[in-house]
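Notes follow once the structure below has been shown.
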Protein chains: 8
Amino acid sequence: GFASLDHQRLHRSGFTEVVYCAGKTPEQSAIILERLALRGECNVLGTRADQAVYDLLRTKVDDAEYESLSRTIVIRRGAQKSVGQVLVVAAGTSDLPVAEEAAITAEVMGNHVERIYDVGVAGLHRLLRQVDALRSAQVIVAVAGMEGALVSVVTGLVDKPVIAVPTSVGYGAQLNGVTPLLAMLTSCVPGMAVVNIDNGFGAGYMASMINQMGSPA
Amino acid sequence: GFASLDHQRLHRSGFTEVVYCAGKTPEQSAIILERLALRGECNVLGTRADQAVYDLLRTKVDDAEYESLSRTIVIRRGAQKSVGQVLVVAAGTSDLPVAEEAAITAEVMGNHVERIYDVGVAGLHRLLRQVDALRSAQVIVAVAGMEGALVSVVTGLVDKPVIAVPTSVGYGAQLNGVTPLLAMLTSCVPGMAVVNIDNGFGAGYMASMINQMGSPA
Amino acid sequence: GFASLDHQRLHRSGFTEVVYCAGKTPEQSAIILERLALRGECNVLGTRADQAVYDLLRTKVDDAEYESLSRTIVIRRGAQKSVGQVLVVAAGTSDLPVAEEAAITAEVMGNHVERIYDVGVAGLHRLLRQVDALRSAQVIVAVAGMEGALVSVVTGLVDKPVIAVPTSVGYGAQLNGVTPLLAMLTSCVPGMAVVNIDNGFGAGYMASMINQMGSPA
Amino acid sequence: GFASLDHQRLHRSGFTEVVYCAGKTPEQSAIILERLALRGECNVLGTRADQAVYDLLRTKVDDAEYESLSRTIVIRRGAQKSVGQVLVVAAGTSDLPVAEEAAITAEVMGNHVERIYDVGVAGLHRLLRQVDALRSAQVIVAVAGMEGALVSVVTGLVDKPVIAVPTSVGYGAQLNGVTPLLAMLTSCVPGMAVVNIDNGFGAGYMASMINQMGSPA
Amino acid sequence: GFASLDHQRLHRSGFTEVVYCAGKTPEQSAIILERLALRGECNVLGTRADQAVYDLLRTKVDDAEYESLSRTIVIRRGAQKSVGQVLVVAAGTSDLPVAEEAAITAEVMGNHVERIYDVGVAGLHRLLRQVDALRSAQVIVAVAGMEGALVSVVTGLVDKPVIAVPTSVGYGAQLNGVTPLLAMLTSCVPGMAVVNIDNGFGAGYMASMINQMGSPA
Amino acid sequence: GFASLDHQRLHRSGFTEVVYCAGKTPEQSAIILERLALRGECNVLGTRADQAVYDLLRTKVDDAEYESLSRTIVIRRGAQKSVGQVLVVAAGTSDLPVAEEAAITAEVMGNHVERIYDVGVAGLHRLLRQVDALRSAQVIVAVAGMEGALVSVVTGLVDKPVIAVPTSVGYGAQLNGVTPLLAMLTSCVPGMAVVNIDNGFGAGYMASMINQMGSPA
Amino acid sequence: GFASLDHQRLHRSGFTEVVYCAGKTPEQSAIILERLALRGECNVLGTRADQAVYDLLRTKVDDAEYESLSRTIVIRRGAQKSVGQVLVVAAGTSDLPVAEEAAITAEVMGNHVERIYDVGVAGLHRLLRQVDALRSAQVIVAVAGMEGALVSVVTGLVDKPVIAVPTSVGYGAQLNGVTPLLAMLTSCVPGMAVVNIDNGFGAGYMASMINQMGSPA
Amino acid sequence: GFASLDHQRLHRSGFTEVVYCAGKTPEQSAIILERLALRGECNVLGTRADQAVYDLLRTKVDDAEYESLSRTIVIRRGAQKSVGQVLVVAAGTSDLPVAEEAAITAEVMGNHVERIYDVGVAGLHRLLRQVDALRSAQVIVAVAGMEGALVSVVTGLVDKPVIAVPTSVGYGAQLNGVTPLLAMLTSCVPGMAVVNIDNGFGAGYMASMINQMGSPA
Ligand SMILES: Nc1ncnc2c1ncn2[C@@H]1O[C@H](COP(=O)(O)O)[C@@H](O)[C@H]1O
Ligand SMILES: Nc1ncnc2c1ncn2[C@@H]1O[C@H](COP(=O)(O)O)[C@@H](O)[C@H]1O
Ligand SMILES: Nc1ncnc2c1ncn2[C@@H]1O[C@H](COP(=O)(O)O)[C@@H](O)[C@H]1O
Ligand SMILES: Nc1ncnc2c1ncn2[C@@H]1O[C@H](COP(=O)(O)O)[C@@H](O)[C@H]1O
Ligand SMILES: [Mg+2]
Ligand SMILES: [Mg+2]
Ligand SMILES: [Mg+2]
Ligand SMILES: [Mg+2]
Ligand SMILES: [Mg+2]
Ligand SMILES: [Mg+2]
Ligand SMILES: [Mg+2]
Ligand SMILES: [Mg+2]
């Protein structure tokens, strides 16, 4: 068959396999999502899904939800929880799709999520106003395109782990996100680690793992 | 002066400023390390230090310790603790300097540290033998050079967060660590985030932050 | 003329020239494929062909076959054989077009081909279940996108040559396949060699040459 | 001959040709510096000079000065002035050689220069303490290695032009300064332009040109 | 909300926040532009705007202007001025969109702007004819694609600061502007600094800051 | 105006300015081409022109010719000549657009041009059959995509200068022509120099200059 | 301990673990080599070894052999065989260290090895003279630096699999072997696969696996 | 043996094989040079040779000459000639080793050579003073490091073919010569082709081939 689902994943890592719809036909994605939903043990998540996947899926799973900004599909199953606090911080309006992918991933995995958006370092006072909010999170996902300086500044202000997500927002020497990726990796501030460009999903997943350590259900 | 120490750091982030000796004269490094030791509040750590820094420092701080494999200097001050469990896994013998930098950083910051070395995927049974040990850690630092495949495999076997450290071990297309760095960033396994090439310090620091969340002293 | 066919190829290398349709007009591709079919000595293969080439060709060669997933055209001519065993292993569903290009190339060249798909290292047990199947092949084509770790793991489990094919599946730091390409080239496991990104054809061709050594018709 | 001095330069651009000693033998550098000093019209500057150049030069020009940290040679000639204010800000101790090359270049060209060093964003309060000083400059040279975030933050705090200088301080993904170079070029804050990696000379020269517009002698 | 406007910017840096429309929906861009226009204190500028943004905006702000070559939106508010002289020089016809973005930015910010276009070094006499014009500017914005040699030549001819803008005009080894970017950064002529590829806005903004120093209103 | 034609070019370099239509509107291209045709002194050439430019131009210059494979426009004016011999060799069918741009450029500039196409090194006998033809040329333009090995082999077989043109034909590690570009630059065979990727025009122009030295009209 | 030997390797893949001495202290390398020799089951191979490793090892294993050109250490143990035929072809004299590493690896693993050296394409007749020798091999290892064109030409002349090894021989745009690596990966000739830059060991190992299929002992 | 000399080369291309000493032991280089000298048919050239090669060679060939700046060895044999005119132009003093390698290569191959050095575009009048000299050459070799703008300017001033040689002179974004290499390849001026970074030999050889066409002995 075209897919060999990893049914041990829920057992092994606390969450079922997440469906990356980008490389699949709508039919393939819908079949896999439906199959996971039928098991009914925990929430089901599809990322990088377009409307076509959702339309097809809805004919079979009528309570599936679609969030178009982040292009995620969610099917709620099993016990719902919302523990601890994951904070998603984003530098600019254009970074929102990635930030929302992170936020939704963390929520679906049972974490309480807060958001602070459009606080890039060009107007630093906007960020400094939020220091107390930053410090009250258990773990922070910091999302930024262009040169990504927000991440260094945020990490320097808190004593909790930061997951940095470079985005492809920008042009020219921004190299589709390679520049903030490299910048975040070489940050002068410790207490941060980095995921792939535009990988809101990976950041939300990692943040969930960390947050749940400090906040056992 | 040449250095403006960040004395708020201990207060803000739970650990004092760590001295990166690579870009400084031995004199500068020794002066800063001594000054931090005199405050006496918490352990002092110097990284990328060569013997010359240590020799100079010893004339002033006689209980300073030097670990030559990882090139770290440690001065023990304040309360010593060893909570939770950080596990450092390394693929090959050549990755040990980086792995040890991570392990020592985590120990100095008050974490209990375990080590599993030379378990690259070329002989997978060596790693599979260690699955129980992998699963008993709170957070894992996974260190690998060459193509870095160890990190994906380890992350797939556990349900705890993994901090990945690519090393510059290898030649040719390994591009001084750029190859495993990129590979780790694009891993098909979620639950991992990446630090800079050879940055054992950054990984140990991040692991400490995560471990202490799950294991408050 | 626009094409100067290499008619010595069959004689010299055991298989006629394969038509790379990507850089040609549908007319050019169809004419060359027809010309090769008319010689009738051995199977004819066209790669990277779209539907337009096939439609045009069918008006002239009515037993031409088109396989749309891998975008290959096959015209069966001469003696058909199926010797030895080439195994094609692929990491994820999105790698199938490349995997199928390899499988069809090897089949058309007279090899017996087996397939194992969707066994990425994220769920390692799926691969470990297949160890006996892996070990029964004469030569393995291992196809993987993202970071390509599957290839190192597979090569470490067998004692037969592995041809590695990186794919462009992934985003961001995956750099359209450059990342798994570099990773495979710097693998810590010997017994493997690498072809170009998404080059299923080249891998199937190389596997055929090797398989036929161990399995002379 | 090996050198064809640009004697119109003083006339054309307000300052004589500066000698880049890196690509020359000590003999060549010393001869050119002496020849410029003999004209006596304005200060003479040599950059990237090592001790050997200076030792040779001193046998001929006994009031030549050598500043070893920045590796510059200065011979004071003509009217000395010190107008306006160029502020050189540097992120860390290791950036000082580059920062000093900028500062000395600007001083030699007749500008009043202030310095603020070791104010990287890891300890942001150190920089925020200096906001009034930052705002009192006519033009700022901002020097940073690692990810270079200091430059975005500084530019966001002032209303004067900023010349950004990325340095090669760091390792791994810092790529010998390419990372902060790209980061500075894609900064989200306008009002800044960038010179080559480690090019303190170019930054000091550009700052001088700007400062002298606002502060005609 | 999706946007957190930096209202201190006008106060801090002399010009209000400029709207980068590329990463926003037309609705978002239009709302922000309108909001800024309502404050009425100074000119409002939107860059990288397409016709859709303008059409939407015109329903609310009927004196908004659209310049399609440079894709800028201007809403004139507050006192209009035109001080000093910013000169925009461009190498070829294809560089005009970027050159005009720089020119309009500088005009909107209150500077007198001159233009000299299509004077690439292939026909050097065209540039040499303009030496007097070049020398009468306060600050020059030099725009060039292909290899960008124009910038070095212009900088060598004047005694005023030059802001260099590489463009993505060209193909192959031009690498979408990376080549002239690198070339300008390593120019053998001092007195120049560089902004991002195709960043006419950043160059115009920087030129304005410099020009206003030498030409206080 | 938008264009400042270099009317000294014919005088200075023996051929009038060639119009690169890629970066211009059809109107701009047509106006410039017409203007050059009106001077009537020598042939007029437009490169990278699409049908729209030609259609517009034909309404004004009715003897303009369009060659769609190479996307060139030619207007014949002045004395026509055809001296010496430029040989254009191409590796595969997909390289023909670039090869033809070179051939037409050389013809329009007054050179006798021969062509040998589809002689890639995969079937070396096809090339070896042509050795006499290769040796009878005055100068060779060698065009190849993929890895570009044809160029080294051709250069090793002749005693005349070879102009190498890498093309963007291929995929994956071919990097849109960067790979054969680098390969040609590092060829182990002397007697060759390289132009930009896909730059048939530049190669034809250079070949013309060389050919005319050995074959004065 | 510092090393966890993979004792299943001989069983699993037909040859014991090979010691990569580059990343180890001489002591570590010598201990591991000695330990493997004591098992006595099959030949022991150390690569990238310098004289210091050998000198130390000789004190313990007095029949160890050192081949300084390729920097390999061999300890002969178990049954010696020499089956089939692996042919190592190298382009130039400077490629010999890599070519010899491949040849010795294949010999140590029990293959009959032939060598043809200094047959780069600059003087093609030297290679064409060897066509019969090329065609009599079971598998070819083709080693080349600079642009690596030899590999395409050799592969086009034979009907056996070719393992290509790019070397770092060359300068400038050769990029330490990246250029021939990319060139080999994008070769227009099928029937070849590529190993890492300078990886003679990997090529010899892969060739051995293939050769032994066609030549079972 | 280690070397298989290409004795047909003189016959085929008009000059015997040139010895690239960089990748050979002094013994190997000296033996090959001596062997070529013994044939006595034409001049013998060794490039990238250090003093050790020369000292060894002198014990056997006592009229061998060594030029240390360009690191070339010359042994004069056969008829000496000096036809036409090759002009070598260099931007700065640091480019002289490369420029001299080109000049000596062309001289040894029988061409009359002129030199114009230190005429970079920073002081354009120095170059413009030389326009008549530039125009009297048959072919020009233009050598430049940093951003390489000299080459575009020179090519725009003449009607003869220009061979461009980028050098590794510079730092940071100059990327060891990659920047001027790319810049020269994308120059807006036709009539130029490019050789590898620092490849004075290749440029002199190519210039010789062209010059001899226009100036048959
Ligand atoms: N947006 C995403 N970015 C990166 N990886 C993802 C994303 N969504 C799902 N994945 C992972 O991608 C893998 C998908 O594999 P497959 O669906 O078998 O091709 C799983 O291991 C997921 O955890
Ligand atoms: N999918 C493919 N990828 C890479 N090379 C191919 C592919 N299909 C065919 N080829 C090779 O590409 C060459 C085609 O050359 P031509 O058709 O003359 O442009 C032949 O040598 C084929 O063996
Ligand atoms: N440290 C430096 N970095 C970059 N350029 C420099 C430096 N010092 C001097 N220069 C410039 O480099 C050029 C030196 O050229 P030359 O001395 O002729 O090789 C002059 O135009 C100087 O303005
Ligand atoms: N196909 C082409 N590739 C590269 N350069 C070209 C091409 N066609 C024309 N040119 C050159 O590009 C320049 C055109 O500049 P402009 O038309 O002013 O933008 C001229 O110097 C032409 O010689
Ligand atoms: Mg904003
Ligand atoms: Mg090991
Ligand atoms: Mg799957
Ligand atoms: Mg500091
Ligand atoms: Mg023009
Ligand atoms: Mg063909
Ligand atoms: Mg040779
Ligand atoms: Mg000079």
Side-chain angles (χ1 to χ4, degrees), chain D residues 6 8-15 17-18 20 45 47 84 105 109 131 135 138-139 141 155-166 177-178 181-197 199 201-216, chain E residues 6 8-15 17-18 20 45 47 84 105 109 131 135 138-139 141 155-166 177-178 181-197 199 201-216:
Chain D
D6 178 4
Q8 294 183 15
R9 177 91 51 112
L10 173 60
H11 204 77
R12 211 172 58 237
S13 74
F15 197 72
E17 201 175 338
V18 172
Y20 174 66
L45 177 63
T47 65
T105 298
M109 292 179 75
V131 168
R135 291 195 176 145
Q138 285 266 65
V139 51
V141 172
T155 307
L157 293 171
V158 301
D159 68 337
K160 288 292 168 15
V162 175
I163 309 302
V165 194
V178 168
L181 171 65
L182 294 172
M184 291 167 186
L185 286 163
T186 56
S187 173
C188 59
V189 196
M192 176 221 307
V194 187
V195 298
N196 194 11
I197 298 163
N199 191 3
F201 159 68
Y205 195 105
M206 181 76 175
S208 170
M209 280 187 140
I210 295 171
N211 182 47
Q212 311 239 349
M213 289 178 57
S215 319
Chain E
D6 178 4
Q8 295 183 13
R9 177 89 51 112
L10 173 59
H11 205 78
R12 211 171 60 236
S13 75
F15 197 70
E17 200 176 337
V18 172
Y20 173 66
L45 177 64
T47 64
T105 297
M109 292 179 76
V131 167
R135 291 194 177 148
Q138 286 265 68
V139 52
V141 173
T155 306
L157 293 170
V158 301
D159 68 338
K160 288 292 166 16
V162 175
I163 309 302
V165 194
V178 169
L181 170 64
L182 295 172
M184 291 167 185
L185 286 163
T186 56
S187 174
C188 59
V189 195
M192 178 220 308
V194 188
V195 296
N196 195 10
I197 298 163
N199 190 5
F201 159 68
Y205 195 104
M206 181 77 175
S208 170
M209 280 186 140
I210 296 171
N211 182 48
Q212 311 241 349
M213 289 177 58
S215 318

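Order of the sequence lines sets the chain letters (A, B, ...), proteins ahead of strands, with each chain counted from 1. All heavy atoms count here, side chains included; hydrogens, waters and symmetry mates do not. None of the values given here were measured: they were computed from a predicted structure.
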Quiz item: Between D:M192 and chain E, which part of the residue has a heavy atom less than 4.5 Å away: side chain, backbone, both or neither?
Solution: backbone
Quiz item: Non-hydrogen atoms of chain E under 4.5 Å away: do they reach the side chain of D:F201, the backbone, both or neither?
Solution: side chain
Quiz item: Which bit of E:V139 is near chain D, if near means a heavy-atom gap under 4.5 Å: side chain, backbone, both or neither?
Solution: neither
Self-check item: Largest heavy-atom contact set with chain E, pairs under 4.5 Å, which of D:G202, D:A164, D:G191, D:A203
Solution: D:G191
Practice problem: Return the minimal non-hydrogen interatomic distance between D:P161 and E:M206, and the atom names on each side. | Solution: CB-CE, 3.7 Å
Quiz prompt | Contacting region of D:L157 [heavy-atom separation from chain E under 4.5 Å] | solution = backbone
Self-check item: E:I197 vs E:V178, side-chain contact (heavy atoms from CB on, under 4.5 Å): CA-CA, chis, key distance, verdict
Solution: CA-CA 7 Å; E:I197 298 163; E:V178 169; 4.1 Å; yes
Practice problem: Answer yes or no: is there a donor N or O on one side and an acceptor on the other, between the side chain of D:T186 and the main chain of D:A183, under 3.5 Å? | Solution: yes
Self-check item: Sidechain-backbone polar pair: E:Q138 side chain, E:A207 backbone, donor-acceptor under 3.5 Å
Solution: no
Practice problem: Would you mind reporting whether E:I163 and E:I210 have side-chain heavy atoms less than 4.5 Å apart? | Solution: yes
Practice problem: Would you mind checking which part of D:V18 comes under 4.5 Å of any heavy atom in chain E, side chain (CB onward), backbone (N, CA, C, O), both or neither? | Solution: neither
Quiz item: If you count heavy-atom pairs under 4.5 Å with chain D, which of E:V194, E:N196, E:V195, E:L181 comes out on top?
Solution: E:V194
Quiz item: Looking only at heavy atoms, what is the nearest atom pair of E:M109 and E:Q212, with distance?
Solution: O-NE2, 3.0 Å
